[in-house]
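Worksheet: one structure, shown below.
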Amino acid sequence: MSQERVGRWDSPERRALRELARRVVAKEVAPYVGQWERAGLLPRELHTTFAAAGLLGVGFPEQVGGSGGDSIDAAILTEELLQGGGSGGVVASLFTHGIALPHIVQAGAPELIDRYVRPTLAGRLIGALAVTEPGGGSDVARLRTRAVRDGADYLVSGAKTYITSGVRADFVTTAVRTGAEGYGGISLLVIDKGLPGFSVSPPLDKMGWHCSDTAEFAFDEVRVPATHLIGQEGQGFALIMQQFQSERLALAVQAYATAQRCLDLTLRWVHERETFGRRLASRQVVRHKLAEMARQVWLARTCTRAAYDTWLDTDDAVTEVSMAKNTACAACDHVVDEAVQLFGGLGYLRDSEVERHYRDSRILRIGGGTDEIMNEVIAKRLGL
Ligand SMILES: Cc1cc2nc3c(=O)[nH]c(=O)nc-3n(C[C@H](O)[C@H](O)[C@H](O)COP(=O)(O)OP(=O)(O)OC[C@H]3O[C@@H](n4cnc5c(N)ncnc54)[C@H](O)[C@@H]3O)c2cc1C
């Protein structure tokens, strides 16, 4: 099924970006996904390859070393990565800078931009974002990792978990408590890997996103220069919440793009597979399943793109973003499940792409704010 090609998603520049991404994904990603999934991480060279092609910095301004464009360009890249045979793990790990850098770009000092943002967008450094703690992820305002001012430094103690690219990362944009209890006491610090007292767990073993390494961190009085504070003390919660909007939209894109890919793979399969002397595609029950899968992909994409419009055109898209994330993830769940079902036994085998999407996509309803937290946000907006 062809992608919906309308309005701001289909300018000549965006068509060119799609073409470029398609070529790079076909040559540099698709042939190696299985190998990376088994290795449990992406090679660092993939970052430099994407940077050299002008694709790593998409969505970041040229003034900070990016390739320009906005969040729609970044979404197009995700669509092409999944459509071209990439995986959710590749998207999460190769583009972790999409969650690690925006706070620095928005509020960081020029020195932080030179030291972390430019080299990351050039593919030379890898960054991660550490908000979640073993004690809880949904309730960000209650985080406990503490940063205490000591002369020209902060001393950081605490723990973070489930950190994407945490094993490979060179630096971590870290949410810490510099002040009192509650959201007003939270700040963001950029912390270098390898500092004394900063330990990193072996990769956590996960259901999906196998090529995306995930780590747990422990901080034991890690000495971090106060110049690594992003913005002001106490500004961290607001920065995290603002950037959560783009992360949630990106996860919604990953959901509808995964669903579209599974729909396409299944359409091809039902034309090939014969049972009881007829092609699967000729059975009404199968045809209706595919019709419903297509409807849900369309719904997810349309809803997500509408949320992008609100986000780019207005100051407040919190309700629409939360609704889009839940809509796209629910659609994805349905489509990947039906895809596995229609592939039969093959759908359960590690070698089939739909099996990987089935496992990979389960995180989408958890990461970046769970279904339940999205509904809490929507309920508050309803005045409840
Ligand atoms: C593969 C992977 C990658 C990740 N990457 C990162 C990363 O890079 N950086 C990072 O900081 N974090 C990351 N996370 C963490 C992720 O954001 C959290 O797992 C998520 O926010 C949920 O937090 P939690 O796991 O602590 O669950 P909890 O907050 O303990 O929630 C458990 C359950 O209770 C529900 N719940 C919680 N509060 C309420 C409520 N008030 N009402 C109703 N239900 C509620 C939740 O929806 C959930 O179903 C990652 C997680 C995974 C698995």
Side-chain angles (χ1 to χ4, degrees), residues 37 40-42 87-103 120 126-145 158-177 183 186-191 193 200-219 230 236-237 239-241 243-252 254-255 258 322 325-326 329-330 333 356-357 359-380 384:
E37 287 279 305
L41 79 184
L42 296 182
S87 73
V90 174
V91 174
S93 202
L94 181 59
F95 299 138
T96 312
H97 60 279
I99 58 174
L101 296 184
H103 321 79
T120 304
I126 292 175
L129 172 71
V131 176
T132 306
E133 302 190 342
S138 301
D139 191 359
V140 175
R142 226 177 275 262
L143 65 85
R144 290 208 288 259
T145 296
K160 298 285 175 185
T161 194
Y162 311 138
I163 307 308
T164 297
S165 296
V167 176
R168 297 181 312 145
D170 302 293
F171 68 93
V172 185
T173 300
T174 311
V176 293
R177 183 165 300 287
Y183 64 85
I186 294 172
S187 304
L188 284 173
L189 275 180
V190 186
I191 306 183
K193 271 279 196 61
V200 181
S201 72
L204 302 176
D205 204 6
K206 307 187 297 295
M207 176 193 291
W209 278 13
H210 283 172
C211 67
S212 172
D213 60 286
T214 310
E216 193 161 302
F217 298 151
F219 303 100
I230 302 174
F237 188 81
L239 287 170
I240 293 165
M241 288 302 139
Q243 297 305 335
F244 259 153
Q245 300 310 308
S246 60
E247 183 178 355
R248 286 166 188 170
L249 280 172
L251 291 167
Q254 210 181 123
T258 300
S322 307
K325 182 172 187 284
N326 278 5
C329 291
D333 266 8
R356 174 162 49 69
H357 290 306
R359 286 183 291 103
D360 283 348
S361 60
R362 189 60 186 82
I363 181 59
L364 301 175
R365 289 176 50 207
I366 298 169
T370 62
D371 275 5
E372 293 77 13
I373 296 303
M374 294 304 93
N375 279 337
E376 270 304 301
V377 170
I378 297 164
K380 278 195 189 121
L384 295 167

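We number each residue from 1, following the sequence as shown. One-based numbering, in listed order, for ligands and for the atoms of each.
Proximity of K206 to ligand 1, defined as any heavy-atom pair under 4.0 Å, is confined to the side chain (atoms from C-beta onward). Under 4.0 Å from ligand 1, the heavy atoms of I363 that appear belong solely to its side chain.
The closest non-hydrogen atom to atom 29 (O) of ligand 1, taken over S138, A130, G135, comes from S138. For atom 8 (O) of ligand 1, the choice among T370, V172, T164, L143 with the nearest heavy atom turns out to be T164.
When side chains are defined from C-beta on, L101 does not count as touching T173, because their heavy atoms never get closer than 4.5 Å. Contact check for I191 versus F217: no side-chain heavy atoms found under the 4.5 Å cut-off. In this structure, D170 and T120 have side chains that are not in contact, with every pair of non-hydrogen atoms separated by 4.5 Å or more. Between H103 and L129, the closest side-chain pair of non-hydrogen atoms falls below 4.5 Å.
Close approach of ligand 1 to G136 (heavy-atom distance below 4.0 Å) involves ligand atoms 26 (O). In the vicinity of V131, heavy-atom distances shorter than 4.0 Å reach the ligand 1 atoms 10 (C), 11 (O). Listed by number with element, the atoms of ligand 1 under 4.0 Å from a non-hydrogen atom of G368 are 17 (O).
The nearest protein atom to atom 44 (N) of ligand 1, hydrogens excluded, is given as E372 CB, 3.6 Å; this is a heavy-atom distance. Looking only at heavy atoms of the protein, atom 9 (N) of ligand 1 is closest to L129 O, 2.8 Å. Protein heavy atom nearest atom 51 (C) of ligand 1, with residue, atom name and distance: Y162 CB, 3.4 Å. In terms of protein heavy atoms, atom 39 (C) of ligand 1 is closest to I373 CD1, 4.0 Å. If you check which protein heavy atom lies closest to atom 23 (O) of ligand 1, you get G137 CA, 3.4 Å. The shortest contact between atom 20 (C) of ligand 1 and any protein heavy atom is with I366 O, 3.5 Å. Nearest protein heavy-atom contact of atom 42 (N) of ligand 1 is E376 CG, 4.6 Å. Of the protein's non-hydrogen atoms, the one nearest atom 10 (C) of ligand 1 is T132 OG1, 3.4 Å.
Side chain of R177 to main chain of A141: a donor-acceptor pair is present (N/O by atom type, distance under 3.5 Å, no hydrogens or angles). Within the 3.5 Å criterion, the main-chain N or O of G369 finds a donor-acceptor partner in the side chain of K325. For the pair T214 (side chain) and T164 (backbone), a donor-acceptor distance under 3.5 Å is absent.
Between W209 and ligand 1, no pair of N/O atoms sits closer than 3.5 Å. Remark: ligand 1 and I99 share no N or O pair separated by less than 3.5 Å (distance only, no angle test). Ligand 1 has no nitrogen or oxygen under 3.5 angstrom from a nitrogen or oxygen of D139.
Between the side chains of R168 and T96, no donor N or O sits under 3.5 Å from an acceptor N or O. Between the side chains of S165 and S93, at least one donor N or O lies within less than 3.5 Å of an accepting N or O.
Per-atom contact check: atom 35 (C) of ligand 1 does not touch the protein, criterion being a heavy-atom distance below 4.0 Å. For atom 4 (C) of ligand 1, a protein non-hydrogen atom is found at a distance below 4.0 Å. Checking atom 31 (O) of ligand 1 against the protein gives a heavy-atom contact under 4.0 Å. Protein heavy atoms come within 4.0 Å of atom 12 (N) of ligand 1.
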(request) List the steps, then state whether side chain to side chain contact (heavy atoms under 4.5 Å, CB included) holds for R359 with R362. (result) CA-CA 6 Å; R359 286 183 291 103; R362 189 60 186 82; over 6 Å; no
(message) Run L143 and I186 through side chain to side chain contact (heavy atoms under 4.5 Å, CB included) and show every step you take.
(response) CA-CA 8 Å; L143 65 85; I186 294 172; 3.9 Å; yes
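Residues that satisfy the ring pair (Phe, Tyr, Trp, His ring centres under 6.0 Å) test with Y183, not counting sequence neighbours, are F237. For the salt bridge (Lys or Arg N to Asp or Glu O under 4.0 Å) test, residues two or more places apart in sequence or in another chain that qualify with E133 are K160.
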